[in-house]
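Here the structure comes first, spelled out in structure tokens, and everything after it is commentary.
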Amino acid sequence: MKNREIAKLFEEMADILEIKGDNVFKINAYRKAARAIGDLSQDVDTLMKEKSLRDIPGVGEGIAKKIVEYLETGKMSKYEELRKGLPEGLLKMMTIPGLGPKTVALVHKTKGISSIAQLETAVKEGRLRDLPGLGPKKEENILRGISLLRQSGKRIPLGVAIPILDQMVEEIKKRTKVGKISPAGSLRRMKETIGDIDILVAGRNGRRIIQAFTTLPQVDEILAAGETKGSIIVHGGLQVDLRVVPEASFGAALQYFTGSKAHNIHLREIAKANGMKISEYGIFRGQRKIGGRKEEEIYSALGLAWIPPEMREDRGEVALASRERLPALVEKTHIRGDFHVHSNWSDGSASIEKMALAARDRGYQFVAICDHSQSLKFAGGLSEERILRQIDEIHKLNQKLSGIVVLAGTEVDIKTDGSLDFPDSILERLDVVVAAIHSGFKQPEKTISRRLLGAVENPHVDIVAHPTGRLISSRPPYQVNLEELMAKAAETGTALEINAYYDRLDLNDLQCRRAAQLGVKLAIGTDAHHPDQLWMMRLGLATARRGWLEKKDLLNTWPLKKIRRFFNLN
DNA sequence: GCCGTTTTCGGCCCGACTGTTTTCAGTCG
């Protein structure tokens, strides 16, 4: 799958054209195409063979030709040509916050600067003073941008950002009187990683609210503090922006700042084509404001159904909203249980009973205890004898507990040779068999795919856990032919997991969507090792919603009876 | 470079903040 690779090339071409001062619309066209290609759930190679590259929105004759050239020859001549004579360092300089293409081009042209290090030295030696538009403040900003880039600049997992947000919102509420307050941006869309946190507040006294915000104890640095916008860096290097708007514009602002950018541009195009204009203050026909207090007013003025934030990525949702054909996304209240938690029998830190009671407190009807299997020594994997004892213990516990059913399960290892870590005689005694790869991540695609396909074909395996093995902040996915895996899972009635652990989210949003298209059922498991981690169901649910899943697609929403039938249990 | 129930040419989202400006450019989201 070369999608990401190609997307990156176009993205880089856009950066280069920007430095060269080329037509901004052409630059945007490249960016738009790059994003669309990066978002594809199907292989571009397949699309090329089907002659349907031009069906990708934003891909026209020119870009399609470039894709074909790259897939056939491994090279893109236009890219090579643009790259020629352009130091790598210039593109790196573009990533310094506050520094854009104009400034990069200026210092390169006039001072021959072509790397971040050279830029830093030049500023410190005062060699940029004579340039137009470069005063002392700007020099200071460049240095700060460089240090900011060095200490952070990375996106953080959603599951790390959410607790930070919750704490800040509490603190702001304590310190000043605010009306409505809501996260916006990628956090509200529940994207798997967050670049910065956006908070939106309805209130009258902007200056006072911004003041309360910029003096929070978490603040490391203040980047901006105006009438309506404050921007800070908190400990750990994360940027948090807060905006204050009047109550009458709150909906418009929430819509606007939630994005995504591509989604908003799409809406604005529709508005413009129909003689309207959208801004964060409302939707207008001429001078007349026709909506803005509520988010729904923006969408309805455009003839669209309200679109859930998780879908706002310009991946086809706008067209569906115009035809009243949006999927009815699965909701929190639909969730009846968790398919994958650990106990202190393996590497969890709480007893089975504690996990069960915590699940009951969350309103669940069932929870599956899926401890590791024998090979996983470092995780305290259960021997055959111990898992039989655990099954007994779970049966006894179910006699005792009311209001929650504990399912006896396992997270059985798929070993490097493709065999499962328990014999069928054990697996057939379990309610839920979750199979997963924990070793041999570097094996070639054919080998890994064969291991996973073997697991899916085993009649006792109900769910394949974290199917790609990626860790968001530290490990790329292993090589697996997902398309083939999904087809086989659909055929055998095996579910694929949405592992909701904050560093996994595996399958991810687009993969979920593709799976559902192919008729695969999904099952969220939090992989919680402690009762305090059960909340991550929220992350798994978000991933499901971002993957456009409906109630029927997700086993967690089904009654236990129906689940048992799907798993072929009596 | 893309795109078309206004268009195959002439458009292509919109506003805040900052800094260095005396009316605006650059950057960001």
Quick one: [X] [atom1] to [N] [atom2], roughly how many Å, whole number?
{"X": "Leu128(A)", "N": "dG19(B)", "atom1": "CG", "atom2": "P", "value": "17 Å"}
{"X": "Met76(A)", "N": "dG1(B)", "atom1": "CE", "atom2": "P", "value": "12 Å"}
{"X": "Glu11(A)", "N": "dG1(B)", "atom1": "CD", "atom2": "C1'", "value": "15 Å"}
{"X": "Arg31(A)", "N": "dC28(B)", "atom1": "CZ", "atom2": "P", "value": "11 Å"}
{"X": "Ile37(A)", "N": "dG1(B)", "atom1": "CD1", "atom2": "C1'", "value": "12 Å"}
{"X": "Ile233(A)", "N": "dC28(B)", "atom1": "CD1", "atom2": "P", "value": "13 Å"}
{"X": "Ile67(A)", "N": "dG1(B)", "atom1": "CD1", "atom2": "P", "value": "13 Å"}
{"X": "Ile27(A)", "N": "dC2(B)", "atom1": "CD1", "atom2": "C1'", "value": "14 Å"}

With Glu11(A) via side chain to side chain donor-acceptor pair (under 3.5 Å) - residues at least two apart =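 Result, side chain to side chain donor-acceptor pair (under 3.5 Å) vs Glu11(A): Arg31(A).
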If the [atom1] atom of [N] is compared with that of [M], how far apart are they to the nearest Å?
{"N": "dC28(B)", "M": "dT23(B)", "atom1": "P", "value": "26 Å"}
{"N": "dG19(B)", "M": "dG10(B)", "atom1": "P", "value": "41 Å"}
{"N": "dT6(B)", "M": "dC17(B)", "atom1": "C1'", "value": "37 Å"}
{"N": "dC3(B)", "M": "dT8(B)", "atom1": "C1'", "value": "9 Å"}
{"N": "dC9(B)", "M": "dT18(B)", "atom1": "P", "value": "45 Å"}
{"N": "dG26(B)", "M": "dT21(B)", "atom1": "C1'", "value": "12 Å"}
{"N": "dA25(B)", "M": "dT20(B)", "atom1": "P", "value": "16 Å"}
{"N": "dT7(B)", "M": "dG11(B)", "atom1": "C1'", "value": "9 Å"}

ask   = Using a cut-off of 4.0 Å on non-hydrogen atoms, how would the nucleic acid contact of Lys65(A) be classed: base, sugar-phosphate, or nothing?
value =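 Result for Lys65(A) = nothing.
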query = Stem ranges for DNA chain B, with three or more consecutive Watson-Crick or G-U pairs under 3.5 Å?
reply =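 Output for stems: B:1-4 with B:9-12, B:14-19 with B:24-29.
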key: Polar side chain donor-acceptor pair, Asp509(A) to Thr543(A), under 3.5 angstrom   =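 Their side chains do not contain a donor-acceptor pair, so the 3.5 Å distance test is not met.
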message = What I want to check is whether the side chains of Glu69(A) and Ser77(A) have a donor and an acceptor closer together than 3.5 Å.
response =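 The criterion, which ignores hydrogens and geometry beyond distance, is satisfied for Ser77(A) and Glu69(A).
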ask   = Charged N to carboxylate O under 4.0 angstrom, Asp130(A) versus Lys111(A)?
value =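 Lys111(A) and Asp130(A): salt-bridged.
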task = Could you tell me whether Arg538(A) and Glu331(A) make a salt bridge, using a distance below 4.0 angstrom between a side-chain N and a carboxylate O?
result =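 Result for this pair is no, no salt bridge flagged.
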key: Per-nucleotide protein contact string for nucleotides 9-17 of chain B (B base, S sugar-phosphate only, - none; heavy atom under 4.0 Å)   = ---BBBSSS
message = Return a single string for nucleotides 20-27 of chain B, one symbol per nucleotide in 5' to 3' order, where B is base contact, S is sugar-phosphate-only contact and - is none, cutoff 4.0 angstrom on heavy atoms.
response = S-----SS
Please tabulate, for the side chains in residues 274-287 of chain A, all donor-acceptor contacts under 3.5 angstrom to protein atoms that are two or more places apart in sequence or on a different chain.
from, atom 1, to, atom 2, distance (Å)
Asn274(A), ND2, Ile270(A), O, 2.7
Ser279(A), OG, Tyr281(A), N, 3.0
Arg285(A), NH1, Asn274(A), O, 3.2

key: ring-ring contact (aromatic ring centres under 6.0 Å, His included) contacts touching residues 28-58 of chain A (sequence neighbours left out)   =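 Qualifying pairs: Phe10(A)-Tyr30(A).
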key: Ala29(A) vs Gln239(A), nearer the 5' end of DNA chain B by closest nucleotide   =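 Upstream on the strand: Ala29(A).
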ask   = Hey, are the side chains of Leu200(A) and Leu254(A) touching, using non-hydrogen atoms and a 4.5 Å cut-off?
value =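 Yes, side chains in contact.
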ask   = Side chains of Arg204(A) and Glu247(A): closer than 4.5 Å at any heavy-atom pair?
value =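 A side-chain contact under 4.5 Å is absent here.
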message = Checking side-chain hydrogen bond (donor to acceptor under 3.5 Å, both in side chains) between Tyr70(A) and each of Lys2(A), Glu5(A), Lys75(A), which is the one that passes?
response =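 Testing Tyr70(A) for a side-chain hydrogen bond (donor to acceptor under 3.5 Å, both in side chains) against Lys2(A), Glu5(A), Lys75(A) leaves exactly one candidate, Glu5(A).
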Spacing of CD1 belonging to Ile472(A) relative to CG belonging to Leu158(A), to within rounding of 0.5 Å =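 Spacing of CD1 (Ile472(A)) from CG (Leu158(A)) equals 8.0 Å.
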query = Got a sec: does the NZ of Lys20(A) have more than 12 other heavy atoms crowding it under 6.0 Å?
reply =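 Enclosed: over 12 neighbouring heavy atoms sit under 6.0 Å from NZ of Lys20(A).
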request  = Identify the residue among Lys84(A), Glu12(A), Lys66(A) that makes a side chain to side chain contact (heavy atoms under 4.5 Å, CB included) with Tyr79(A).
outcome  =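 So the option named by the test is Glu12(A).
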